[in-house]
Amino acid sequence: MNYWLMKSEPDEASIHDLQRAGTLPWTGVRNYQARNFMRDDMRIGDGVLFYHSSCAEPGIAGLAEVCSAPYPDATQFDPASPYYDAKSKPDAPRWLHVDVRWRETTRLLALTEMRAAPELATMRVLERGSRLSITPVTPEQWQAVLRRLSGA
DNA sequence: GCCAACGTTGGC
DNA sequence: GCCAACGTTGGC
């Protein structure tokens, strides 16, 4: 069992969108490191910290879980999609993704609070210059986030 | 394989 | 909108 932090712009897909939909395909990842995490290291049932980015109040907005094996991202073959990749061929898809299932919409654990929390200081997403949309989370970090969200 | 130019991310 | 950080591209 692994844990992850996954960034989404709430304008594109918020935790509320995920709650409504139940599950969503995590389309649009166009970074090799993030893709490799999904392709090589994610397992069904892995825990996901759902993070809102590029918005007024960035931070962790809920909990989710990986609910599919990796499979090709259809948007890479769609010329009308902003995620279209002309160099990717259907017989050798370059981009793939997993599906994610809603678990809980939490209070917002704001980025400012995350930065101020000593027990979260090691989180990859907080590293200077970190832009990766998917980062691994340790079991200790996961537990620390849950403790903080439960107000303990 | 180097590396400059360029593009993107994302907080502020 | 700014800009630091960093990934990607492409000429050589």
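Sequence lines set the chain letters: A, B, ... in the order given, protein chains first and strands last, and positions in each chain run from 1.
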Notebook entry, point to check: Hey, are D99(A) and W26(A) close enough side-chain-wise for a donor-acceptor pair under 3.5 Å?
Noted result: no
Next item on the list: Taking only the side-chain nitrogens and oxygens of Y51(A), find out if one of them lies under 4.0 Å from OP1 or OP2 of dT9(B).
Entry: no
Notebook entry, point to check: Just by distance, with hydrogens left out, do D78(A) and Y83(A) show a side-chain donor and acceptor under 3.5 Å apart?
Noted result: no
Notebook entry, point to check: What nucleotide, of dC12(B), dG10(B), dG7(C), holds the atom closest to the side chain of S53(A)?
Noted result: dG10(B)
Next item on the list: Let me know the distance between CD of Q33(A) and C1' of dG7(C), rounded to the nearest Å.
Entry: 9 Å
Item checked: Under 4.0 angstrom between K7(A) side-chain N/O and dG10(B) OP1 or OP2 -> yes
Item checked: Close side-chain approach of W95(A) to P72(A), heavy-atom, < 4.5 Å -> no
Check: Can you check the L132(A) CG to dG10(B) C1' distance for me, whole Å?
Finding: 13 Å
Margin query: Counting C-beta onward and ignoring hydrogens, is there a side-chain heavy-atom pair between L5(A) and I134(A) closer than 4.5 Å?
Written below: no
Item checked: Base of dT8(B) paired with side chain of R131(A) (donor-acceptor, under 3.5 Å) -> yes
Margin query: Can you identify which nucleotide, out of dC12(B), dG7(C), dG10(B), has its nearest atom closest to the S54(A) side chain?
Written below: dG10(B)
Note to self: Restricting to salt bridge (Lys or Arg N to Asp or Glu O under 4.0 Å), what partner residues turn up for R35(A), sequence neighbours left out?
What the structure shows: none
Notebook entry, point to check: Regarding T105(A) and Q19(A), is there a side-chain donor-to-acceptor distance under 3.5 Å anywhere?
Noted result: yes
Next item on the list: Round to the nearest Å and state the distance from F37(A) atom CZ to dG7(C) atom P.
Entry: 12 Å
Item checked: Close approaches to DNA chain B from residues 78-89 of chain A, in residue order (heavy atom, under 4.0 Å) -> none
Item checked: Rounded distance in Å - CD (E127(A)) to P (dA4(C)) -> 20 Å
Check: Does the side chain of Y3(A) reach to within under 4.5 Å of the side chain of L49(A), using non-hydrogen atoms?
Finding: no
Item checked: Nucleotide dC6(C), atom C1' - distance to OH of Y32(A) in whole Å -> 16 Å
Notebook entry, point to check: Rounded to whole angstrom units, what separation is found between the CD1 atom of I134(A) and the P atom of dT9(B)?
Noted result: 13 Å
Checklist line | Atom-pair distance (CD on E57(A); P on dG11(B)), nearest Å | finding: 12 Å
Check: Between N31(A) (CG) and dT9(C) (C1'), how many Å, whole number?
Finding: 15 Å
